[in-house]
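Before I ask anything, here is the structure I am working with.
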Amino acid sequence: MNHLEYEKLTIYEVESLHKELLKWIATATGSLQLDFNRVKIIDIAAIQLLLSAQKSCAEKSCEFELLNVPPEVNQTMQTAGCANLFKGCA
Amino acid sequence: MSEELKLFLEDSSEQLNFMETALINMQEHGVNEEDIGALFRAMHTIKGTAGMFGFDDVVGFAHIAENLLSEVRSQKIPLTTEMITLFLLCKDHTEALINASIEHTIDNELRTNNDHLLSELLKYSSEDDSKERLSPSVSKQENPLQVDSSEGTLWHISLHLKPDFFSTGMDILNLIAFLDKLGSVTNKAIVTDAIPSLDKYNPIQAYIGYELQFITKSTQTEIEEVFEFVLDDIELTIFQVNDKNQLDSWIDSISSVEAKQSKIKFLITNGFFAKADFITEESVSPTPQGEKVQTTLLSAEDTKGTVKKDQHKSFSLRVDSSKIDQLINQMSEMVIANAKIAQRADILDDSELSEATTIMSDMLESVRSSVMNIRMVQVGDSFTKFRRIVGDVAKKLGKEIEFIINGGETELDKTVVEKISDPLMHMLRNSIDHGIELPEERKAAGKPEKGVVTLSAYPDAGMIVIKITDDGKGLDKTRILEKAIAKGMVSANSDLSNKEIFNLIFAAGLSTADQVSDISGRGVGMDVVKRNIEELRGTVEIDSKEGKGSTFTIRLPLTLAIIDGFLVQSGDTKYIIPLEMIQECLELSPAYKEHMKGNHFINLRDSILPLLDVRKYFSEGESKCERENIVVLRYGDHKMGLQVDELYGEFQTVIKPLGDLFVNVAGISGGTILGSGEIALIFDIPKLIEQKMRQAN
């Protein structure tokens with residue numbers, strides 16, 4: 001499980017998150033879990049990055065899962081029409 | 001008015017014209033499938049486009065009319081004469097409704113008419129459910145399309161973020177959330193195909209898109225306004241879900257076949273549209289899964305099949321006419337430049353260069369005629385609309401009229417066709433009102449009860465001739481003269497020829513009608529008619545025999561910026577004669593001169609040919625060549641010889657205006673620049689002939 005140390009996950013954070021995700025995926029075996037416990041705000045740029053990460057995981061048959069998704073993030077995911085795309089979102 | 005609105009207006013009036021033509025055709029030649037199809041498509045298209053502008057009143061009305069037409073088309077209901085008349089009224093009403101919608105001036109009268117026509121339409125309709133829809137009227141601002149959902153219209157929005165969307169600082173999610181405030185989003189799906197895997201991922205680039213459907217009462221413009229600030233950064237398509245035409249053109253706009261198929265698949269899997277909604281030819285080929293997207297027409301309700309085929313048959317392009325004008329202008333400059341090269345080739349005595357310029361001239365000539373051709377339209381289309389007017393006017397006046405159109409295939413410049421339409425209409429009304437007698441009078445005069453009015457068009461000597469002939473009572477010369485004398489337009493003892501008397505009806509303020517009707521007789525009109533025709537550089541002539549009928553002959557030039565000319569010289573000046581008017585050239589031999597004995601005509605194969613000596617007429621200097629020539633011209637029924645010094649031959653002539661100072665020089669219509677830089681003057685042959693005739697009389 002990888003903790004996301006961001007309160008905000010927006011266009012300003014995607015670049016560093018991208019680097020982290022690359023690293024995590026390289027080492028992930030079987031599944032990649034992201035802990036959203038701290039995340040309060042997410043935007044479409046970050047969601048798009050998560051979608052890309054999910055794609056990369058699928059390529060190496062690795063499960064991609066979001067954990068502890070707070071209601072605020074869930075709401076945004078729903079607006080974005082992505083709630084049903086990620087495991088761990090309601 | 002916005003550009004889009006103008007296009008809409010243009011398009012809808014075109015559709016309404018189709019509709020009218022089809023109706024009139026069926027009125028005269030009986031009901032046929034093709035015209036019913038045309039009628040249906042016209043209504044369908046109007047409904048669709050009006051919907052795009054949120055003209056709900058138009059949509060509502062067109063929808064009911066379309067429903068009925070659809071039943072007629074599937075042969076559930078026969079199309080009766082009364083229905084044709086009703087649809088004609090509907091056409092008028094739709095036109096009024098569209099205009100009122102654009103100007104936001106829908107008044108009570110229009111609403112009453114709307115309700116009345118709707119109930120008439122519904123009387124014919126067999127479908128029970130449409131009876132329930134009787135209620136939608138303009139006044140209630142309700143749209144029958146929306147009956148299914150009281151909340152409004154169902155729209156489809158497709159948007160795709162451009163790569164640098166994130167740099168705008170806008171969050172697309174806010175906009176999508178806002179849509180929920182504007183209406184209610186029924187279906188939403190994020191398009192993720194384009195997102196690469198992490199290793200190829202650029203964090204600040206946007207890859208995604210959205211497909212949305214939502215119900216709202218808002219208009220298309222209002223929906224578009226939501227995206228106003230990001231319009232440059234997204235690809236946006238909005239259309240009404242039930243507008244299949246729009247769906248088709250949206251899918252068609254996707255460039256690659258693969259993308260098209262994956263889009264269709266996406267839309268189907270996500271429940272936006274049904275398979276049956278896509279019936280494009282491309283989708284016949286298997287999708288990646290080997291699955292076939294259905295291509296067949298599913299129900300008679302669906303219009304796609306015929307529409308598609310028709311679009312293919314008459315593919316047309318809407319181009320701003322100024323672009324063509326510009327092209328013609330540039331062509332003109334090329335013609336002048338080429339003339340210059342030809343001249344240099346002559347001076348240098350370079351045969352190869354000469355040959356090249358000859359080829360160039362030929363090419364320019366053919367390009368020119370192609371460009372000119374773009375502007376040409378058949379006059380028939382605008383003539384057919386007169387059928388209805390003739391019918392209506394005749395009915396109003398209790399006269400029986402057979403209206404014959406000849407030469408509808410004659411082609412004329414589009415602007416000329418448009419501008420000549422009103423004068424023609426006026427003249428036709430006059431012919432029916434003043435010319436054709438009432439059935440009883442005709443019977444008494446030993447004529448058939450049905451009067452005949454003929455409208456014909458044909459090309460003649462580089463001009464287009466439009467003739468209106470009637471077999472009515474003809475112009476009453478004495479009445480016209482009396483009126484003109486009473487009004488002080490001519491003096492009581494003046495001796496006027498028939499033609500001159502007839503021409504008086506073109507003078508302002510002269511009407512011989514005893515009673516002023518709303519059709520004619522107010523004495524404004526014929527002067528305007530003449531002025532309009534003259535503005536087009538045309539002429540109008542009247543011939544009339546009392547008791548037998550009258551003929552109005554309008555001659556119009558093809559209004560070209562470049563004409564085929566014939567270059568001649570007289571004294572020191574070069575002149576251009578429009579080539580189409582030249583019949584032959586001959587030498588003014590000493591034998592002729594002897595015969596002339598100082599008179600200004602010669603005997604040309606046993607007929608008299610009046611001559612105009614250009615050198616004398618324009619006070620030119622002495623001739624420098626020994627031989628004198630005559631150019632024989634024909635204009636309408638008149639012939640005349642122009643006495644000139646030198647004949648140079650054919651010359652592609654670019655007409656340039658002479659400017660304010662010379663605008664009133666009689667007999668000269670313009671100038672042109674020769675290859676050498678010299679200026680040649682273009683003869684206004686009709687004016688010259690007219691003057692010569694006046695002199696001769």
Side-chain angles (χ1 to χ4, degrees), chain A residues 2 4 6 8-28 32 34 39-64 71-87 89, chain B residues 156-214 226-227 230 233-234 266-267 269-272:
Chain A
N2 302 287
L4 295 180
Y6 305 91
K8 276 186 177 175
L9 212 49
T10 67
I11 181 75
Y12 302 105
E13 288 80 36
V14 284
E15 209 159 349
S16 60
L17 179 61
H18 179 225
K19 282 180 193 143
E20 277 177 300
L21 281 171
L22 277 171
K23 252 189 280 165
W24 292 338
I25 277 194
T27 55
L32 175 65
L34 301 181
V39 183
K40 295 260 168 20
I41 294 170
I42 191 165
D43 79 349
I44 193 69
I47 295 176
Q48 187 184 269
L49 179 62
L50 293 177
L51 285 166
S52 169
Q54 191 174 38
K55 253 186 198 175
S56 302
C57 280
E59 274 168 21
K60 50 186 286 190
S61 313
C62 170
E63 202 181 35
F64 183 74
E72 303 95 307
V73 174
N74 235 329
Q75 180 59 46
T76 313
M77 286 289 192
Q78 255 161 24
T79 309
C82 296
N84 53 348
L85 298 181
F86 295 112
K87 199 176 170 191
C89 279
Chain B
H156 186 95
I157 302 175
S158 168
L159 62 93
H160 199 274
L161 307 188
K162 289 186 184 167
D164 52 358
F165 176 83
F166 293 148
S167 65
T168 60
M170 291 292 289
D171 192 344
I172 195 73
L173 295 179
N174 287 340
L175 301 181
I176 289 171
F178 184 73
L179 284 179
D180 253 326
K181 287 190 187 137
L182 207 62
S184 99
V185 176
T186 57
N187 196 355
K188 168 171 65 184
I190 182 166
V191 184
T192 58
D193 305 359
I195 305 178
S197 55
L198 275 183
D199 44 346
K200 296 182 199 95
Y201 190 87
N202 176 359
I204 53 161
Q205 187 179 333
Y207 300 98
I208 53 159
Y210 275 97
E211 299 295 333
L212 292 160
Q213 281 185 352
F214 93 128
V226 175
F227 301 100
V230 290
D233 307 292
I234 60 173
F266 183 87
L267 291 171
T269 15
N270 285 290
F272 287 103

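Chain A is the first sequence line, chain B the second, and so forth, proteins listed ahead of strands; every chain is numbered from 1.
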d(Ser56(A) OG, Ile195(B) CD1) to nearest 0.5 Å is 10.5 Å

Closest non-hydrogen contact found for Leu32(A) with Cys62(A) is N-SG, 3.6 Å

- Atom CD of Glu15(A): over 12 foreign heavy atoms under 6.0 Å: no

Applying a strict 4.5 Å limit to non-hydrogen atoms, the region of Ala189(B) in contact with chain A is neither

The interface call for Leu17(A) against chain B, heavy-atom contacts under 4.5 Å, is neither

Okay, Ile25(A) and chain B: the region with an atom under 4.5 Å from a heavy atom over there is side chain

Of all heavy-atom pairs linking Asp199(B) and Ser197(B), the shortest is OD1-OG, 2.7 Å

Looking only at Ile44(A), Leu21(A), Asp43(A), Thr10(A), most heavy-atom pairs under 4.5 Å shared with chain B are made by Ile44(A)

Applying a strict 4.5 Å limit to non-hydrogen atoms, the region of Glu59(A) in contact with chain B is side chain

Bottom line for Phe165(B): the part with an atom under 4.5 Å from chain A's heavy atoms is neither

Does Lys60(A) have more than 12 heavy atoms from other residues, nucleotides or ligands lying within 6.0 Å of its NZ? yes

Assert top hit (heavy-atom pairs under 4.5 Å, partner chain B, pool Ala80(A), Ala26(A), Ala53(A), Cys57(A)) equals Ala80(A)

With a cut-off of 6.0 Å (strictly less than), are more than 12 heavy atoms of other residues, nucleotides or ligands near CD1 of Ile204(B)? no

